[in-house]
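Take a look at the structure below.
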Amino acid sequence: MSAENKITIFETTGFPNPARIRAALAEKNAMEEVDFVEIDVMNKEHRTESFYAMNPLGTVPVMRTAEGDFISESTAITEYIDAHFDGPSLTGSTPLERAQVHMMQRRAESMVMDAVGTYFHHATEGLGPDLETNQCSQWGNIQLNTAKNGMLYFDRHLANNEFVAGDKFSMADITLFYGLAFADFAKVEISSELKNLIAWRKRVAQRASLSA
Ligand SMILES: N[C@@H](CCC(=O)N[C@@H](CS)C(=O)NCC(=O)O)C(=O)O
């Protein structure tokens with residue numbers, strides 16, 4: 001594969017993790033710099049030998065670099081995009097900022113995004129009986145509680161912080177934003193008492209990268 005190939009993002013429209021990549025690309029003004037390939041998750045295209053060769057975990061998104069390397073995990077892809085394209089940093093510039101963004105991103109992921117995902121896949125019909133073949137509803141409901149506690153944690157955190165990782169927009173905001181979008185989709189209530197979280201969400205939703 002030659003260097004003039006574009007980066008390719010393998011994604012599934014409307015799914016929350018691929019949406020994180022689109023947001024990162026939009027923040028870097030790089031949407032036109034990559035190709036997108038749709039993966040038909042509902043028809044198990046992500047559970048084929050050729051997909052497992054790109055990502056053994058069988059999840060979207062996956063990125064193929066211009067040189068032909070495959071990267072999965074939304075955070076890893078975002079880190080690549082952030083370093084590869086010009087524009088404001090999404091992962092922090094100083095050692096402290098980088099550590100803070102990483103820490104808060106991981107919290108947004110495990111306390112909200114992944115917790116909602118586990119509830120959705122294990123304690124609801126999820127993607128339907130063809131795809132959800134290994135459900136554990138008890139674990140799903142425990143994670144529902146994790147998600148609710150996570151939202152409460154971020155509500156308190158955002159009382160004193162403009163953004164998730166301090167005073168600059170970062171990939172931690174992108175993860176929390178799509179974690180809440182996933183919550184809406186999975187019908188996990190975002191309590192109206194979480195005023196700071198709701199105000200933050202309204203504020204960041206105005207960014208062009210998140211309003212698509
Ligand atoms: N930790 C992964 C999670 C990726 C993930 O769970 N993607 C979902 C779509 S949002 C998926 O591929 N689901 C397929 C399935 O559950 O079978 C990341 O950050 O990219």
Side-chain angles (χ1 to χ4, degrees), residues 7-28 34 36-65 69-84 90-91 101-137 139-140 143-144 146-147 150 154 164-165 170-188 209-210 212:
I7 291 170
T8 305
I9 306 292
F10 299 84
E11 59 163 12
T12 305
T13 306
F15 278 44
N17 282 294
R20 292 165 62 185
I21 306 309
R22 283 188 171 256
L25 287 164
E27 283 289 332
K28 301 297 266 189
V34 308
F36 292 96
V37 172
E38 182 75 11
I39 298 295
D40 188 352
V41 161
M42 298 314 291
N43 280 314
K44 298 194 192 169
E45 199 184 342
H46 62 311
R47 298 202 187 157
T48 56
E49 282 311 309
S50 60
F51 192 88
Y52 286 133
M54 299 196 294
N55 177 9
L57 271 63
T59 56
V60 285
V62 174
M63 175 182 68
R64 185 175 62 214
T65 67
D69 300 292
F70 289 102
I71 303 291
S72 53
E73 293 303 322
S74 302
T75 308
I77 298 171
T78 303
E79 283 175 354
Y80 182 93
I81 289 167
D82 195 38
H84 188 79
L90 295 171
T91 56
V101 170
H102 190 117
M103 174 178 77
M104 295 310 293
Q105 191 292 135
R106 187 65 197 122
R107 287 183 189 168
E109 204 165 51
S110 61
M111 297 166 85
V112 180
M113 170 71 93
D114 290 351
V116 169
T118 303
Y119 164 72
F120 173 72
H121 290 296
H122 286 274
T124 77
E125 286 180 5
L127 298 176
D130 267 6
L131 286 159
E132 309 291 4
T133 50
N134 204 13
Q135 287 190 309
C136 173
S137 61
W139 175 233
Q143 288 299 299
L144 173 62
T146 300
F154 279 106
V164 173
S170 74
M171 72 166 164
D173 294 277
I174 295 176
T175 303
L176 184 60
F177 186 83
Y178 285 106
L180 296 185
F182 200 179
D184 286 342
F185 180 76
K187 299 191 171 52
V188 175
S209 63
L210 298 180

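What you see is a predicted model, and the numbers here were worked out from it, not measured in a lab. Ligands are counted one by one from 1 in listed order, and the atoms in each one are counted from 1 as well.
At the top of the distance list for atom 15 (C) of ligand 1, counting protein heavy atoms only, stands H46 NE2, 3.6 Å. Counting only heavy atoms of the protein, atom 13 (N) of ligand 1 lies nearest to T59 CG2, 4.5 Å. Among protein heavy atoms, atom 2 (C) of ligand 1 sits closest to E73 OE1, 3.3 Å. The nearest heavy-atom contact from the protein to atom 3 (C) of ligand 1 is N17 ND2, 3.7 Å.
Remark: ligand 1 atoms within the under-4.0 Å shell around heavy atoms of P61 are 20 (O). Numbered from 1 in the order shown, with element, the atoms of ligand 1 that lie under 4.0 Å from a heavy atom of R20 read 19 (O). Near R47, with a cut-off below 4.0 Å to any heavy atom, the atoms of ligand 1 are 15 (C), 17 (O). Proximity to P16 (heavy-atom distance under 4.0 Å) selects the following atoms of ligand 1: 10 (S).
For H121, the heavy-atom gap to ligand 1 drops under 4.0 angstrom. Residue-ligand proximity: G117 is placed with every non-hydrogen atom at 4.0 Å or more from ligand 1. Using a 4.0 Å heavy-atom cutoff, P18 is listed among the residues neighbouring ligand 1.
Annotation: N134, atom CG; neighbour count of heavy atoms from other residues, nucleotides and ligands within 6.0 Å does not exceed 12. Enclosure of atom CD in E125 is not indicated, since only 12 or fewer non-hydrogen atoms of other residues, nucleotides or ligands lie within 6.0 angstrom.
Of the polar atoms of T75, none of the N or O atoms is found under 3.5 Å from an N or O of ligand 1, judged by distance alone. Where the criterion is an N or O separation shorter than 3.5 Å, residue side chain and backbone included, V60 meets it with respect to ligand 1. Between S74 and ligand 1, at least one N/O pair is under 3.5 Å apart.
With no hydrogens or angles considered, no side-chain donor-acceptor pair links E109 and T175 at under 3.5 Å.
Proximity of the aromatic rings of F120 and F185 is defined here by a centroid distance below 6.0 angstrom, and this criterion is met.
Atom-to-atom distance recorded for I39:CD1 and N55:CG is 10.5 Å, nearest 0.5 angstrom.
A side chain to side chain contact (heavy atoms under 4.5 Å, CB included) with M63 holds for exactly one of F70, Y80, F10; it is Y80. Partner of E79 under the side chain to side chain contact (heavy atoms under 4.5 Å, CB included) criterion, out of H102, H84, Q105: H102 alone.
When all heavy atoms of G117 and F182 are compared, the closest pair comes out as CA-CE1, 3.4 Å. Summarising the geometry of L90 relative to S170, their closest heavy-atom pair is O-CB, 3.4 Å, with the distance given to 0.1 Å.
Neither the backbone nor the side chain of S72 has a heavy atom within less than 4.0 Å of ligand 1.
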Item to complete: Could you walk me through whether N17 and V60 pass side-chain contact (heavy atoms from CB on, under 4.5 Å), step by step?
Response: CA-CA 7 Å; N17 282 294; V60 285; over 6 Å; no
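The nearest non-hydrogen atom to atom 9 (C) of ligand 1, considering only F182, F120, F15, comes from F15.
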